[in-house]
Every structure is written in structure tokens, then in C-alpha cells.
Amino acid sequence: MDMLHDQLVNRVELSNISKSFGGVAALKDVTLKALPGEIHALMGENGAGKSTLMKILSGAHQKDGGRIAIDGEEVHIKNTHDSKKLGIGIIYQEFSLVPELSVAENVFLNRLSEHGVWMKWNSLKKEAAELIQSIGFNINPSAKVANLSIAQQQIVEIAKALSEKVKVLILDEPSAVLGPNEVQKLFDILLKLKKEGVTIIYISHHLSEIFQIADRVTVLKDGKSSESLNVAETDRDAIIKLMLGRSLDAMFPPRKPVIGNEVLRVEHIQSDKVKDVSLTVKAGEVLGIAGLVGSGRTEVVRAIFAADKKQKGSVFLHGRKVRLRNPHQAVEKGIGMVPEDRKQQGVILSLSIKQNISLANLAGVTGKLGFIRSNKESAHVQQLIKKLLIKTQHEDIPAGQLSGGNQQKVVLAKWFNRDCHVIIIDEPTRGVDVGAKTEIYNLINELAGRGVAILVISSETAELMGICDRILVMRDGQVHGELEKHEFTEEHILRYAIGADRQPLSTN
Amino acid sequence: MKSSLKRTIHFIIKHNTIIIFLLMLVLSALASNAFFTPNNLANLIRQVAPVGIISMGMLLVILTGGIDLSVGSIVAMIGVLCALFTQSMSLPLAIVASLLAGIVVGSISGYLVSVQKMAPFIATLALMTIVRGLGFIFSKGAPVMVADSASALTDFGSGSLLGIPNPAIILFLVFGITAVLLKYNIYGRILIAIGSNEEAVRLSGIKVPVYKFSVYAIIGGLAAISGMIGTARTGVGSPNIGIGLELDVIAAVVIGGTSLMGGKGSALNTFLGVLILGMIGNIMNLMDIASYSQQVIKGLIIILAVLLQRFQEK
Ligand SMILES: Nc1ncnc2c1ncn2[C@@H]1O[C@H](COP(=O)(O)OP(=O)(O)OP(=O)(O)O)[C@@H](O)[C@H]1O
Ligand SMILES: [Mg+2]
């Protein structure tokens with residue numbers, strides 16, 4: 001591969017790129033080269049500058065210094081239009097779909113104007129449906145994007161990027177919101193593009209994905225890039241060491257659960273996508289909910305938290321029946337929830353980190369008549385910033401200026417900042433780097449140690465097996481399996497999740 | 001050199017409201033030497049008081065992403081009611097009853113918006129015509145005189161304290177309270193958060209409908225105060241005043257850099273917006289310019305202010 005690199009013309013060449021935001025350097029000296037038909041992974045801690053680098057390539061940000069060449073020729077990318085003309089396609093970490101428009105309109109957004117004055121709606125819908133089917137998915141092209149699940153939205157993003165012919169395709173953490181099945185389908189698409197000679201730059205915090213799909217990997221740390229490594233010649237530890245500057249002994253901290261009395265009990269809950277779910281969580285217990293995308297996991301916890309109207313069923317706290325009509329009442333009773341959709345429901349981008357973190361516990365920072373005790377608040381927030389390794393200069397910076405993974409930590413901090421009896425976390429480490437993941441697992445352990453009942457949803461089976469004491473597996477809005485710790489295996493979970501549990505374990 | 005120019009432009013864009021305000025001050029002083037006389041300044045501040053008082057409520061409403069079109073009608077109806085009340089009850093009671101009536105009207109908008117989830121534009125548009133009609137019904141279409149027994153009201157309307165007209169003192173009070181609420185109180189922070197991302201606020205366990213309701217009740221009360229001030233100044237309550245007042249109020253808030261999408265705005269800038277708008281009228285009166293041209297210039301200033309904000313967002 002390295003010999004090849006010397007002979008062939010690189011499709012993408014980013015040399016000595018630098019970029020700062022208001023005097024703070026995000027990229028200092030970054031070099032990344034990729035050949036046609038190469039899948040190049042880009043890794044690094046939260047806030048290392050991965051998204052920033054890719055936004056420079058896509059014209060969303062302007063570089064301060066350095067050189068960009070495509071197919072050996074220097075190019076000047078001043079805006080997103082320039083990069084499109086060069087054949088660069090990007091799927092951003094934060095969605096760029098128009099929620100009020102339909103799937104078909106979003107897929108062909110860039111090309112709507114090319115259809116002449118009159119829209120050919122029917123052919124547009126047909127084309128969109130075909131495109132989505134061709135990549136192995138099935139989404140109604142007339143559906144409004146706002147009504148899709150976030151995995152479905154990601155699939156629409158992918159279809160949108162593929163609706164145009166590209167030479168370079170950038171994917172900024174595409175798998176963060178997808179389940180394992182969807183990720184496999186995505187990989188099939190990427191391998192097909194690779195065969196066609198498309199260069200793919202793939203950002204992810206999942207090391208296993210890198211080893212499965214990438215040819216080479218570059219690691220960013222403190223605004224600088226590492227040498228690019230051939231994936232075949234490296235291993236997990238080497239990459240982690242490049243990312244963190246240290247090795248990581250154990251991903252999942254050991255758990256010695258002390259499980260107490262029942263805290264949350266849910267009986268026969270029903271809502272739009274939940275058929276009939278009952279569950280209990282005890283003090284100090286971490287209960288996981290597994291299941292494929294669309295299995296109703298998120299809907300169950302939203303119904304418990306009263307974020308959605310539930311049609312039937314009852315919720316008991318400490319054995320006593322409670323009637324929760326809205327999230328306010330749920331929070332008052334001691335339930336907290338980190339929602340699945342960070343940008344729409346979790347973090348308020350225009351508010352400061354401090355204001356975001358305080359939002360779930362305003363009583364804790366206010367004095368008489370609702371006046372804010374500023375010093376107390378800042379001290380509080382600074383502690384949480386340290387604890388969760390949020391990478392920022394100051395707690396008064398708008399949350400929108402944080403990297404994606406750091407925004408996730410802000411949402412977690414918001415609920416860790418409140419004394420809850422039950423904490424529901426829908427995808428705790430979405431977009432979080434390996435180092436900070438361990439830190440978050442530690443915090444979950446610590447909360448459980450204090451007797452909090454914890455309910456975790458995750459698409460990462462390994463994560464659930466690593467941190468939970470018990471796992472429920474959902475399919476089609478119902479719980480289809482319950483696994484105790486000694487029964488945890490990927491295979492078990494998958495069998496329940498896809499409905500293979502009714503067949504005997506081994507057929508041959 | 002280039003970067004210092006860039007920085008200057010950045011500075012201007014960032015502080016566009018105060019710069020427009022200072023510019024207007026200088027232009028006004030140049031245009032007429034009658035401008036900087038105590039008499040004229042007192043006049044100016046007295047004139048802007050009704051719009052200014054309501055603009056603070058409108059700021060709160062707009063921060064949550066709403067709008068209130070009914071305030072001009074409330075001013076007229078309360079003006080009439082206040083005059084009517086003086087004829088049948090003691091003055092303090094008349095004032096309290098008028099204030100309550102304003103808050104009730106605002107609460108109806110608040111209920112429609114927060115509980116019934118009606119679009120604020122529609123809900124308050126409906127109330128605008130209903131309340132305007134009620135003003136005419138209560139007054140039977142003719143101006144209503146304040147009772148002689150309530151002369152304290154008219155004295156207050158034309159009086160002043162230490163040279164500051166009484167209505168202006170109320171304006172300063174309302175402005176001060178709003179500024180403090182927005183900067184130091186949890187109430188202001190929650191309003192801004194709601195305007196930025198309502199769903200995230202709801203999922204944080206905050207009672208969003210209560211806060212949305214409250215801003216309409218507050219602006220109803222403030223419109224009532226403005227209505228009473230009008231009646232106090234003239235001694236009559238007439239049902240046809242305040243037509244288009246809501247647009248002046250919204251204009252002042254927008255000139256002050258508040259985003260109509262919600263989530264962004266400040267009391268000080270809104271206050272400056274009120275003064276800018278008032279100065280346009282004041283200076284043109286001094287220069288004997290017809291009111292039609294005033295309207296054109298007002299419109300141009302709004303466009304300028306919003307364009308500058310657009311740059312700021314980039
Ligand atoms: N618009 C902005 N304004 C100011 N600072 C920014 C802005 N965008 C990014 N940054 C800063 O630049 C740095 C790099 O951010 P970037 O989003 O590129 O990180 P990342 O590597 O993609 O992280 P993650 O894995 O969390 O997505 C961070 O410190 C971030 O706070
Ligand atoms: Mg990123």
C-alpha cells in the first residue's frame with residue numbers, strides 16, 4: 001500500500017492544514033492523503049478537529065493555512081458549491097435535512113431547481129424510493145422527515161449524498177445513530193463505491209468498524225495528525241494510544257452491583273409503537289434495553305417519562321402508583337431522561353454550556369424569587385465539566401460551538417446534575433470517544449452505587465453487556481427476552497432481537 | 001490594517017442598535033437645535049412611553065417565539081373602561097379593575113397559545129378585532145370622559161417628578177424590571193431557552209405552557225397600563241386610539257435586534273429601539289416633515305436594522 005502511495009496520484013491531499021476559531025486553534029498542522037478507491041478512517045478524541053477538517057474540505061469552513069489538492073491539482077474551496085463541483089460529497093455529523101420537507105424532496109434538494117419550473121412530483125418520489133431501495137432500505141418517500149426516527153433520517157442523508165455522483169465521500173460518524181444491521185448495509189454500499197474508485201473518508205469512534213472496513217487510518221490529536229497507518233498492520237491498542245496518548249486498560253469498569261428495592265415498575269404500557277411492555281428496575285441496578293432500530297425501545301422510555309402520551313398502562317415508583325402526564329411531573333417525581341436526539345431534544349445550541357447543564361436543576365442554582373446564584377452555578381458546572389472531560393475553554397461558550405461528542409457530555413451532565421431516583425439514558429455514548437466512554441461508564445456506575453435505578457438503551461450490544469446487570473430485548477414494540485448477566489452473549493441478544501428465539505439455537 | 005478594518009466592521013455589526021441610536025442623536029441635534037431642549041426631550045420620552053412599556057412585554061413574548069397583535073386594541077379598550085370605571089367606583093379600584101381587565105385579555109391569548117396550541121399570530125389577530133369591537137361597544141362609539149372625581153388620574157397623566165414626566169417613570173420602571181429579569185432571573189433564562197428549543201426545555205422537566213401563558217398575561221397588563229396612561233393624559237378614553245400601535249411596538253423590538261424566531265434579544269436594545277423609533281417621529285415633527293414621509297423612513301430603518309442583524313448571525 002505504501003509503495004502504491006508513492007506511485008499513484010492521491011485523490012485527496014490535505015497538507016499542513018490549520019484553522020482556529022476566535023483565536024483558539026482547532027487544527028494546527030494536519031496532513032491527510034487518500035488514494036482513489038481507498039477507505040480512509042479518521043479518528044481522534046472528541047474535539048480533536050475531525051469534523052472541522054472535513055468541513056474545510058466540504059467548503060463549510062475556510063482553512064487558515066495549508067494546501068488542498070484533488071487528483072494532484074491544488075484547489076481553492078471557498079464554499080460548499082465549489083466542493084460539490086469537485087465531486088466531494090459529505091454526510092455531516094449533525095443532520096442537514098429540512099425537517100418540514102418530505103423524504104423525496106430532501107433527497108433531491110440540491111437538484112430541485114434542475115427540474116425546470118414545474119416539479120414532477122411523481123417521478124421524484126419514484127426515483128427517491130428506488131434510490132433508497134437500491135441501498136437496501138425501505139422508507140416512504142412521501143413521509144415528512146420530522147416524523148422519521150433518527151436512524152431513518154441518517155439513511156435519508158446517505159441517500160441524499162448518493163443521489164449525486166461523487167469522487168470523494170465523507171461520512172462524519174454515520175454509524176453513531178444506526179443499529180448494527182444498518183451499519184452492515186452501509187458498509188456494503190461503501191465497498192461498492194470503493195470498487196467504483198470513490199475515495200471514502202470515514203469518521204467513527206468505533207474501532208471495530210475501522211478494522212472491518214478501512215484501508216488506512218489517520219489519528220488527530222491536539223490539532224495535529226499522526227502518520228497514516230495501514231489498518232492491516234496495526235491494532236486497537238496502537239490506535240487508542242495515538243488518540244489518547246496513553247493506553248486504556250479496560251473499556252468497561254468492573255461492576256459490583258448492590259441491588260436494593262424496586263424503584264421503577266411499569267405495567268402493560270402501551271403507546272403508538274409500544275404494544276405491551278412491563279418492566280422493573282431496582283435501586284442500584286442498571287437495566288439495558290436492546291433491540292433493533294424501530295423495535296420501540298425509545299418509545300417505551302418516552303412513554304415512561306411522559307414525553308409521549310401513553311394510551312394504557314401504569315407506572316409505579318417505590319411501589320406506589322404515579323400518574324405522569326408530562327415530563328415536568330416525571331422530573332418532579334425523580335425521573336430523568338437523556339433523549340435519543342441530541343440536537344432536537346437534548347442540547348440547546350444557542351445557550352451556553354452552563355445554561356444547558358443547569359436546565360434540569362434550576363432550583364439548585366436559584367435563590368430567593370428565582371434569582372440566579374451565579375457563583376454557585378459556575379462552580380457547580382465547572383465541576384461537571386471536569387468530571388465528564390468536556391473539552392471547552394469556558395462554561396459560558398454556546399454549546400453549539402462544542403464538538404458533537406462534547407455536546408453529548410453536556411446533555412449527560414445536565415441529568416447527572418440533578419438528584420434523580422431513576423435515570424433513563426437513550427444511547428449514553430453516542431458520538432463519544434473511547435476515553436470519555438469509560439469515564440461515562442464510571443459515572444453510571446457511581447450513580448448506581450448511590451442507589452439510582454438506571455435504564456439504558458443502546459445500539460451497541462457490547463456496551464449493554466459491559467455496563468448492565470440485566471438486559472431486556474425488544475422487538476415490534478414488545479419485550480421478547482430477558483437476559484441475566486450470565487446469559488449475556490451477542491448471539492442471545494440478536495436472536496431475541498430478530499425473532500429467531502422461537503427456533504432451536506442450532507440448526508445443523 | 002485589513003484585520004483592524006474587519007474588527008471595526010464586526011464591532012459596528014455587533015453593536016448596531018446602540019450605534020444607530022447614537023447616530024440618530026447626532027443627526028437630530030444637527031437637524032434642529034430645538035431637539036436637545038429639556039422640554040423637547042421630556043416630550044419625546046412622554047410620547048414613547050406607551051409603546052415603550054408594551055415593548056418590554058412584546059420582547060418577552062417574542063423571546064418565546066410568539067407575537068401579540070392585540071395590544072393596540074387592548075390600549076383602546078382599557079382606555080375606555082378606565083374612564084367608565086372612574087364614573088362608578090373609586091379611582092384606586094378603577095385602576096386595579098382596568099389592570100385586571102388587561103391581564104384577563106392577555107390571559108385569553110395565553111390560553112389559546114399555550115393550552116390550545118394555536119399559532120400566536122392567529123390567536124392574537126382574533127383578539128385584536130374582538131377587543132377593538134368591545135372597546136366600541138363599551139363606549140357606544142364615542143369618547144368617554146374621566147369623572148371629575150378622578151382628577152388625580154389626569155393630574156398624574158400630565159404631571160412629572162423631578163422634571164421627568166410620570167409616564168416616563170413608569171416606562172423606566174418596567175424597563176428596569178424586565179432587564180433584571182432577563183439577566184439575573186431564572187424566568188428570563190427559561191423564556192430564552194423556550195424560544196431556542198422548546199422541546200429540549202419541555203424534556204428538561206420545565207412547564208413550558210405556564211411560561212408561554214405568563215408572557216401573554218404580562219403583555220396584557222402592560223397594554224392596560226399604557227391604555228390608562230393615555231386616558232390619564234387626555235382625560236378621555238376613546239375606542240379608536242392605538243390602531244397600528246402593535247406594529248410600532250413590534251418594530252421597536254425588531255430594531256432592538258430581537259430575533260422574531262425567538263431565543264435572542266435584550267431589554268436594553270429594545271429600549272434603544274423604542275427611542276430610535278420615537279426620535280424619528282420627534283425630529284420630523286420639529287422639522288415639519290409630513291407624517292407620510294415618517295412612515296417611509298421608519299420602514300427603511302427597520303430594514304436596515306434587520307439587515308445588520310443578518311450580518312451578525314454570520
Ligand atoms: N463554530 C465553532 N466555533 C468555535 N469553536 C468551534 C466551532 N466548531 C468547532 N469548534 C471547536 O473546534 C474544536 C474541534 O471540533 P470538531 O467538531 O472538529 O471536533 P471533532 O473531532 O469532530 O469531535 P467529535 O468527535 O466530538 O465530533 C473543538 O474544540 C470545538 O470546540
Ligand atoms: Mg465531530
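Values reported hereafter were calculated over all heavy atoms of this structure, with side chains retained and with hydrogens, waters and symmetry mates removed. Numbers restart at 1 for each chain; the letters A, B, ... are given by sequence-line order, proteins then strands.
- Counting heavy atoms of neighbouring residues, nucleotides and ligands inside a 6.0 Å radius, atom NZ of B/Lys207 does not exceed 12 of them.
- With a 4.5 Å cut-off on non-hydrogen atoms, B/Leu181 does not touch chain A at all.
- For the pair B/Thr258 (side chain) and B/Val254 (backbone), a donor-acceptor distance under 3.5 Å is absent.
- Residue A/Ala330: no heavy atom, backbone or side chain, is found under 4.5 Å from chain B.
- The main-chain N or O of A/Pro428 is found under 3.5 Å from a side-chain atom of A/Gln408 such that the two form a donor-acceptor pair.
- The contact between A/Gln355 and chain B is made by backbone and side chain atoms together, counting heavy-atom distances below 4.5 Å.
- Using a 4.5 Å cut-off between heavy atoms, A/Arg418 makes no contact with chain B at all.
- With respect to chain B, the highest number of heavy-atom pairs below 4.5 Å among A/Arg373, A/Lys414, A/Met337, A/Gln329 belongs to A/Lys414.
- In terms of heavy-atom pairs under 4.5 angstrom with chain B, the leader among A/Leu369, A/Leu362, A/Thr366 is A/Leu362.
- For chain B, the option among A/Val331, A/Leu359, A/Asn356 with the highest count of heavy-atom pairs below 4.5 Å is A/Leu359.
- Relative to the ring axis of A/Phe21, A/Lys19 places its NZ or CZ within 45° and under 6.0 Å from the centre.
- Annotation: maximal heavy-atom pairing with chain A below 4.5 Å, among B/Lys183, B/Glu198, B/Glu199, occurs at B/Glu199.
- Few gaps surround NZ on A/Lys63; more than 12 heavy atoms of other groups in view lie less than 6.0 Å from it.
- Contacts with chain B were tallied for A/Gly370, A/Gly367, A/Ser374; A/Gly370 has the most, counting heavy-atom pairs under 4.5 Å.
- Side-chain contact check for B/Val180 versus A/Phe371: some heavy-atom pair is nearer than 4.5 Å.
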